[in-house]
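Okay, structure first, notes after.
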Amino acid sequence: MANRNTVTRFAPSPTGYMHIGNLRTALYSYLIARHGGGTFILRIEDTDRERLVEGATDVIIKTLADVGLRYDEGPGVGGEHGPYVQSERREIYKKYAEELVARGAAYYCFCTKERLERLHEEDENGGYDRHCRDLSPEEVKKNLEAGIPYVIRQKMPTEGVTSYVDEVFGEISTENAELQDQILLKADGYPTYNFCHVVDDHLMGVTHVVRGSEYLTSTPKYALLYDAFGWPRPHYVHLPLLMGRGEDGTVSKLSKRHGAVSFQDLVAAGYLPEAILNYIALLGWCPKESENEFFTLSELEALFTIDGVSKSPSVFDYEKLLWFNGEYIRRLPFPKFCELATPYLPADLPKALDKDKLLSLLAGRVSCFSEIGEKVAFFRELPAYDVSLFPNKKNKVTPELAPTLLAAAEEALSAISVWDNDTLFTVLSSVAEAAGVKSGAIFWCVRIAVSGKTVTPGGATEIMEVLGREESLARLAAARAKF
RNA sequence: GGCCCGUUGGUCAAGAGGCUAAGACAUCGCCCUCUCACGGCGAAAACAUGGGUUCGAUUCCCGUACGGGUCACCA
């Protein structure tokens, strides 16, 4: 049973997809909780009403389920600190915002958006001029009664320094003069992230706030909020960002222009959830024993500690993900491989074709399921190819030798009726012997003849076995006719 | 631009004052092999820079450069 000594949360806003950087944050947050036998909470931060996306929460829940990140409290599973969707907690935020005003740590602001825009035009780096900070209680009361729209702003100290200790980055200090009187409660009555996450984290008993390092510099403002309420500050765990490399070689926050960056895009592209999870676990964290790179979720739960988290951002490397994926695919039990690979086979493969044998050739040669279509295309239809493919130095095949070998192979193969790999191998080997060439020479020519390619999933005889007698012989004859 | 953070091979990274500076991906070579892949062996490849501190700095401190983040009624 989960304890509450360590309580973490994953608090995404429902955008409609799960960014891989977000997924890693969820993973680390989960691992920190689980490592201590603690509680992991899912909370949906949907306070931006203009960016609401239908069904987005389901995507988040499904993704977490797909990778095995089970949460103890949250939408769908409940808990004692709910509701876990911020839009359902509006009265709570309003109450606490007003309490902050009463405590003198926040104030009503009646400035219009037009005024703020004008301010920004006059001085781009100026920020809000605190126009309403010192309104008299009478003025506030009058405006409120007149129904003038308002926001509630946090009253920042104007001098001194605020600092906190981050578990990854160490002490972070900020001059209070740098801090803006940020908005806590918007005019539409919804709170801003800056406010509600603090209220929720406190109310939900979150002990470790785990999030991306883009929050590193705004955290002093949040710490001040805890102080104003008289609440104990949580531990902060900021994570290094995940970067992508652009075509021009520059790196920046991983985004769509870097390729598939959402979990579901990656899965759709043929990556296994376990491989994705394993790979991203290692982006920004390294176990004490750093030789092994393969970890299951439960192994990670046992191993993960915050001091293994790195400070510097890491570049997402699709090559290495592909390698991990290949490793995971190769470790799949064959039936499982078939189940996952079959949807990627072209729908219009010849009926006679032995799909099981084809899949057995593919298993072990596939790093990503999306490669399958291209790899097996020649089974469906022989691609156009040129006789210049035949000459090959390593196998000692000359332009003159090729047609001779093809003719010999065709003759020998049309004489047999048993059509399995062993028989084909034996027959072709003896053809090679009779012709006085190394066996590689004949296999090389036959492979090209039946596939139109020099690189195929499986050897020449394996391909022919799958292709079947009739089609194989037809392709052999066609090849011979090219000369 | 102000503020904050970071900087070990192309990439992920170990290292936590004294090491021939791990390992993995990618690259290249050799072997295995009916091609490719897998597997095995091997090669090339790094402590951004200038000052300190120290008997000794990749490791500690300061500056510089470069990179990133952040400055919303978005989260």
Side-chain angles (χ1 to χ4, degrees), chain A residues 11-15 45-48 50-51 109 111 113 116 120 124-125 127-128 149-153 166 168-170 172-175 177-180 182-188 190-194 196-197 211-220 238 240-241 243 245 249-253 279 282-293 308 310-324 326-327 330 361 364-367 375 392 394-395 424-425 428-429 432 438-448 451 453-463:
Chain A
S13 60
T15 57
E45 311 218 323
D46 60 345
T47 56
D48 186 349
E50 290 177 17
R51 294 197 198 176
C109 171
C111 291
K113 285 191 181 174
L116 296 179
H120 182 73
E124 271 192 44
N125 298 317
Y128 180 55
Y150 67 90
V151 301
I152 291 181
R153 290 182 182 271
D166 183 83
V168 173
F169 289 88
I172 306 291
S173 300
T174 305
E175 295 283 342
E178 299 280 335
L179 305 178
Q180 296 282 321
Q182 62 179 353
I183 291 173
L184 268 19
L185 205 65
K186 300 185 264 190
D188 65 2
Y190 280 88
T192 60
Y193 167 83
N194 304 127
C196 57
H197 91 272
R211 71 200 358 165
S213 66
E214 64 265 34
Y215 292 103
L216 208 53
T217 51
S218 42
T219 296
H238 286 101
L241 262 16
M243 314 295 280
R245 184 178 294 283
T250 59
V251 297
S252 54
K253 257 170 112 166
Y279 174 60
L282 265 15
L283 280 181
W285 172 79
C286 183
K288 288 276 165 292
E289 220 308 316
S290 65
E291 293 290 296
N292 178 36
E293 289 194 296
S310 147
K311 287 188 178 70
S312 48
S314 29
V315 176
F316 192 91
D317 183 3
Y318 288 91
E319 295 263 23
K320 184 137 189 184
L321 203 218
L322 189 64
W323 174 77
F324 261 114
E327 290 290 320
R330 271 169 235 126
L361 290 186
R365 287 174 218 269
V366 167
S367 290
K375 278 191 196 303
N392 179 268
K394 188 184 166 194
N395 290 306
L424 293 169
F425 189 84
L428 286 186
S429 296
K438 58 189 290 188
S439 57
I442 197 110
F443 291 122
W444 176 260
C445 293
V446 171
R447 174 185 10 265
I448 293 171
S451 70
K453 301 168 68 172
T454 57
V455 176
T456 55
T461 60
E462 293 171 315
I463 294 168

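When reading the values below, keep in mind they use all heavy atoms of this one structure, side chains included, and skip hydrogens, waters and symmetry mates. What you see is a predicted model; the values in this text were computed from it and never measured. Below, chain A is the first sequence line, B the second, and so on; all start at residue 1.
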Over all strands shown, is [X] touching base, sugar-phosphate only, or nothing at heavy-atom distances under 4.0 angstrom?
X: A:Lys253; result: sugar-phosphate
X: A:Cys109; result: nothing
X: A:Asn194; result: base
X: A:Glu291; result: base
X: A:Ser218; result: nothing
X: A:Leu116; result: base
X: A:Thr47; result: sugar-phosphate
X: A:Ser173; result: sugar-phosphate
X: A:Ser13; result: sugar-phosphate
X: A:Val251; result: sugar-phosphate
X: A:Glu289; result: nothing
X: A:Tyr190; result: nothing
X: A:Val151; result: base
X: A:Gly284; result: sugar-phosphate

Nucleotide forming a Watson-Crick or wobble pair with [N], both distances under 3.5 Å:
N: B:U35; result: none
N: B:A65; result: B:U7
N: B:C28; result: B:G42
N: B:G1; result: B:C71
N: B:C55; result: B:G18
N: B:A13; result: none

Measure from the side chain of [X], starting at C-beta and using heavy atoms only, and say which of [options] lies closest.
X: A:Glu462; options: B:C4, B:A26, B:C34; value: B:C34
X: A:Thr461; options: B:U11, B:G68, B:C34; value: B:C34
X: A:Asp48; options: B:C73, B:C74, B:C34; value: B:C74
X: A:Tyr193; options: B:C34, B:G10, B:A75; value: B:A75
X: A:Trp323; options: B:G69, B:G10, B:A24; value: B:A24

> Taking the inter-plane angle between the rings of A:Phe316 and A:Tyr318 on a 0 to 90° scale, is it parallel (under 30°), tilted (30 to 60°) or perpendicular (over 60°)?
Replying inline: perpendicular
> Looking only at heavy atoms, which two atoms of A:Tyr279 and A:Val315 are closest? And how far apart?
Replying inline: OH-O, 4.1 Å
> For the residue pair A:Leu361 and A:Pro457, what are the closest heavy atoms and their distance?
Replying inline: CD1-O, 3.4 Å
Is a donor on one side and an acceptor on the other found under 3.5 Å between the side chain of [X] and the backbone of [Y]?
X: A:Asn395; Y: A:Trp444; answer: no
X: A:Gln180; Y: A:Tyr128; answer: yes
X: A:Thr47; Y: A:Tyr190; answer: no
X: A:Glu178; Y: A:Glu175; answer: no

> Are A:Trp323 and A:Glu327 close enough, and set up right, to give a side chain to side chain contact (heavy atoms under 4.5 Å, CB included), and what steps lead you there?
Replying inline: CA-CA 6 Å; A:Trp323 174 77; A:Glu327 290 290 320; 3.6 Å; yes
In whole Å, measure the gap between the [atom1] atoms of [N] and [M] for me.
N: B:A14; M: B:A75; atom1: P; result: 34 Å
N: B:A48; M: B:C66; atom1: P; result: 16 Å
N: B:G15; M: B:A24; atom1: C1'; result: 16 Å
N: B:G9; M: B:C5; atom1: C1'; result: 24 Å

> Hey, which of these two, A:Val366 or A:Ile172, hits RNA chain B nearer its 5' end, going by closest nucleotide?
Replying inline: A:Ile172
> How do A:Arg447 and A:Lys113 order along RNA chain B: which one's closest nucleotide is nearer the 5' end?
Replying inline: A:Arg447
> Taking N and O atoms by type only, does the side chain of A:Lys320 place a donor or acceptor under 3.5 Å from a partner on the base of B:A24?
Replying inline: yes
> Does any donor-acceptor pair link the side chain of A:Thr217 with the base of B:C3 at a separation under 3.5 Å?
Replying inline: no
Phosphate OP1/OP2 of [N] contacted by [X] side-chain N/O (<4.0 Å):
X: A:Arg365; N: B:C38; answer: no
X: A:Lys186; N: B:A75; answer: yes
X: A:Ser314; N: B:A13; answer: yes

